Amino acid sequence: MEFLLHNTASGERDPIQASDGKTVRFYCCGPTVYGPAHIGNFRTFLIQDLFRRVCEASGLKTTHVRNVTDVDDKTIRESMAQGMALREFTASWQEKFEKDCAELNLLAPHHSPSAVDHIDEQIRLIEQLMEKGHAYQGNDGSVYFRVSSFDRYGELAHIRRDAQKENADGRINSDDEYSKDDVADFALWKSRKEEDGANYWESPWGDGRPGWHIECSAMSMRYLGPSIDVHGGGVDLTFPHHENEIAQSEAATGERFVRHWFHSAHLMVEGRKMSKSLGNLYTLADLKEKGYQPEEVRWALLSGHYRKTLNFTFDSLKAAQKALGRIGDLVEKLDLQAEDIDDLAPDQLEGDFRSAWESLLTDLNVPQALGFLMKEISRGEKSAGSLSKDEAVRWFASCRALLNTIGVNLEAWLSRRVSEEDTAASAPEEISKMAEARWAAKKEKDFAEADRLRNEISEAGWLVKDTPDGFELTPVS
RNA sequence: GGCGCGGUAGCCAAGUGGUAAGGCCGUGGACUGCAAAUCCUCUACUCGGCGGUUCGAUUCCGCCCCGCGCCUCCA
């Protein structure tokens with residue numbers, strides 16, 4: 001079965017293919033490293049990671065490039081506000097970003113080039129555009145791409161320039177409109193400004209810094225060649241960022257820049273847009289602080305279809321937690337030596353596991369895949385006791401294969417759960433004493449006293465669980 | 001104003017021209033001295049509203065209402 005993915009450019013589900021017959025080369029627009037990444041950012045990167053995993057599980061090799069934007073208005077402004085060198089500032093945020101990525105089990109891209117490290121490549125690309133007459137220097141010294149020189153401009157976003165210019169409620173009106181020949185033209189090279197401080201580079205057009213769009217074209221070409229298989233990003237980047245990338249790349253090389261455009265929808269939180277003022281711009285750290293594990297966050301963020309706005313709620317996070325708990329309980333009940341069990345290839349899957357895999361191949365339909373997965377979980381729960389060893393091993397291997405494809409690391413989640421149980425066992429002495437008194441009362445069949453103590457312990461924030469030969473204490477969140 | 005996406009049970013969320021996956025929550029039950037956990041069971045005569053096409057529409061078409069996105073460097 002082919003891996004089909006919706007292509008923004010064609011508007012259809014197109015098969016994913018390696019144009020060289022071997023390796024799918026794909027580029028993803030990465031983070032601007034000027035602050036903590038929030039779960040909305042991670043949704044996009046998670047979806048790209050899923051895309052890569054499905055490619056690889058289906059037998060395709062990949063070369064995955066995700067850039068780091070480390071020079072723009074925000075990075076410059078913030079670094080200067082904090083009195084830090086740009087590179088020092090961005091490096092610290094990049095490090096935090098990569099740590100979060102690792103916790104969310106995102107595969108590290110094969111290349112993570114930064115814009116600052118590729119100034120030369122960007123300058124060379126702009127030179128080509130100048131030579132071919134697609135770019136010009138404005139009277140402010142900046143270099144602009146001449147949109148009218150590229151006929152196919154607007155094709156990706158399905159935007160007609162004439163229609164857009166007329167009516168934008170005055171929104172197309174920037175400070176530099178007198179420097180550009182046309183308001184739609186965009187900066188390739190920005191001339192040095194005082195507020196940029198020490199952050200400028202030499203170029204044939206004077207000191208300055210690259211515009212935003214050019215970095216992606218330059219680095220995509222540098223690592224993947226002039227024409228690539230897949231390019232991804234958040235929906236908001238479709239226009240103008242990706243449209244501009246196409247224009248400048250194709251104008252420079254004369255080759256088709258990207259065959260398959262892949263965009264993921266945004267996130268809402270509890271039914272509202274994410275925004276600083278609403279205080280719902282959660283980071284991974286925020287959610288961990290609230291007691292959720294990265295695997296649960298990953299599950300929740302992936303639980304909606306990638307082309308549809310996802311309403312991220314704490315209920316869905318709890319549902320993810322519960323789902324992982326069910327899987328974990330079942331796996332423990334099966335009592336298998338996981339490390340001795342061989343990995344299964346997707347085409348060896350059977351039943352609803354198989355259906356789940358096919359859902360992933362059909363435009364990354366994760367919600368449907370999870371539906372099939374949970375059906376198999378229910379089936380497993382019902383038959384866990386009566387499975388033969390072989391059946392249990394096959395069930396487990398299938399389940400793990402699917403979870404791995406989705407990128408949910410069950411083993412990591414389980415081991416964290418075990419270590420949590422260990423720490424939870426150490427309740428304060430006061431609580432333990434009450435619990436022991438209760439156990440004694442229970443032994444004496446003094447249930448009134450036992451219940452009284454249970455309530456008291458409960459009010460202190462702990463839950464008593466009786467087991468066949470004793471009790472356990474767990475904190476109530 | 002232009003372009004685009006979406007409105008499916010209390011909540012999250014798939015899906016199909018032929019009669020609604022899955023999860024969470026909730027219900028009832030088993031178990032338990034009582035709990036917790038676990039397991040079993042049940043839970044949308046209906047898919048934003050109104051028309052149309054059709055033997056038949058939640059699924060196709062039209063209009064309307066509501067939400068969201070892009071149209072100046074936001075994943």
Side-chain angles (χ1 to χ4, degrees), chain A residues 11 28-32 37-48 69 72-74 154 157-169 171-177 183-184 186-187 190 211-213 232-241 243-244 263-268 270-274 299-300 303-305 307-323 325-326 329 333 352 355-356 359 365-375 377-378 381-382 384-385 442 445-448 450-451 454-455 458 463-467 471-472 474 476:
Chain A
C28 301
C29 292
T32 302
H38 54 70
I39 53 174
N41 298 315
F42 283 117
R43 181 186 195 200
T44 296
F45 301 130
L46 242 16
I47 287 164
Q48 292 163 352
T69 298
D72 78 326
D73 290 349
K74 293 187 292 275
H158 308 106
I159 282 175
R160 293 193 314 278
R161 287 193 50 238
D162 47 344
Q164 157 199 7
K165 240 174 17 181
E166 303 297 321
N167 262 317
D169 289 340
R171 295 186 65 195
I172 295 183
N173 182 14
S174 55
D175 295 339
D176 51 10
E177 66 182 307
V183 287
F186 56 90
K190 296 182 152 193
W212 175 44
H213 312 292
V235 264
D236 54 303
L237 298 183
T238 312
F239 193 91
H241 184 55
E243 197 68 60
N244 292 354
H263 291 104
S264 43
H266 282 184
L267 210 60
M268 310 253 293
E270 302 289 351
R272 317 180 71 175
K273 308 160 74 153
M274 278 196 314
W299 185 295
S303 65
H305 187 89
R307 284 197 288 122
K308 206 167 142 183
T309 307
L310 173 73
N311 187 10
F312 182 87
T313 64
F314 282 94
D315 278 349
S316 64
L317 208 42
K318 288 191 189 104
Q321 199 167 43
K322 190 87 187 255
R326 281 175 62 185
D329 290 345
K333 195 183 290 179
D352 281 323
S355 302
S359 296
N365 194 337
V366 179
Q368 191 175 68
L370 292 178
F372 284 124
L373 205 220
M374 292 314 290
K375 272 191 182 176
I377 301 304
S378 294
E381 284 166 342
K382 283 175 189 148
K442 184 188 154 167
K445 300 221 187 286
D446 183 355
F447 296 126
D451 287 350
R454 176 193 288 288
N455 285 336
S458 159
L463 178 73
V464 188
K465 285 192 214 170
D466 289 342
T467 61
F471 61 88
E472 283 172 11
T474 46
V476 181

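A, B, ... follow the sequence lines: proteins, then strands. Residue 1 opens every chain. Predicted, not measured: the structure shown is a model, and the values here were computed from it.
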- Minimum-distance nucleotide (side-chain atoms of K382(A) versus G69(B), A75(B), C40(B)): C40(B)
- Pair partner, C3(B) [Watson-Crick or wobble, under 3.5 Å]: G69(B)
- Item | Per L310(A) side chain, nearest of listed nucleotides A21(B), A75(B), A13(B) | A13(B)
- Among the nucleotides G23(B), C34(B), G69(B), which one has an atom lying closest to any side-chain atom of K442(A)? C34(B)
- Item | Euclidean distance for P, U8(B) against C47(B) (whole angstrom) | 11 Å
- Task: Starting from C1' on C24(B), measure out to CZ on F314(A) and report it in whole angstrom.
- Result: 15 Å
- Message: In whole Å, I'd like the distance from the CG atom of D451(A) to the P atom of U32(B).
- Response: 17 Å
- Task: Please answer whether the main-chain N or O of G234(A) pairs with a side-chain N or O of R43(A) as donor and acceptor at a distance below 3.5 Å.
- Result: no
- Message: I'd like to compare against my own output: the B/S/- annotation of nucleotides 3-8 of chain B with a strict under-4.0 Å heavy-atom distance to protein.
- Response: S--SS-
- Message: Is there a side-chain contact between S378(A) and the phosphate of G23(B), meaning an N or O under 4.0 Å from OP1 or OP2?
- Response: yes
- Item | Presence of K318(A) side-chain N/O under 4.0 Å of C11(B) phosphate oxygens OP1/OP2 | no
- Query: Do D315(A) and C25(B) share a donor-acceptor pair, side chain to base, under 3.5 Å?
  - Reply: no
- By nearest-nucleotide position on RNA chain B, the 5'-leaning member of F372(A) and E381(A) is F372(A)
- Message: Please report the distance, rounded to the nearest Å, between CD in E270(A) and C1' in C68(B).
- Response: 17 Å
- Note on the structure: CG of L267(A) to CE of M274(A), rounded to nearest 0.5 Å, is 5.0 Å
- Task: Would you state whether a donor and an acceptor, one from the side chain of K190(A) and one from the base of C73(B), lie under 3.5 Å apart?
- Result: yes
- Note on the structure: Paired to C60(B) by Watson-Crick or G-U wobble criteria (both distances under 3.5 Å) is G52(B)
- Candidates C12(B), G33(B), C24(B) - which lies nearest the side chain of A319(A): C24(B)
- If you check the K74(A) side chain, which of C24(B), G15(B), C74(B) turns out closest? C74(B)
- Message: Can you tell me whether the side chain of N365(A) and the base of G15(B) have a donor-acceptor pair closer than 3.5 Å?
- Response: no
- Message: Please tell me if K322(A) has a side-chain N or O lying less than 4.0 Å from either OP1 or OP2 of G22(B).
- Response: no
- Taking only N and O in the side chain of R454(A), is any of them less than 4.0 Å away from OP1 or OP2 of A36(B)? no
- Message: Suppose you measure atom C1' in C25(B) against the same atom in G1(B); what distance do you get, rounded to whole Å?
- Response: 44 Å
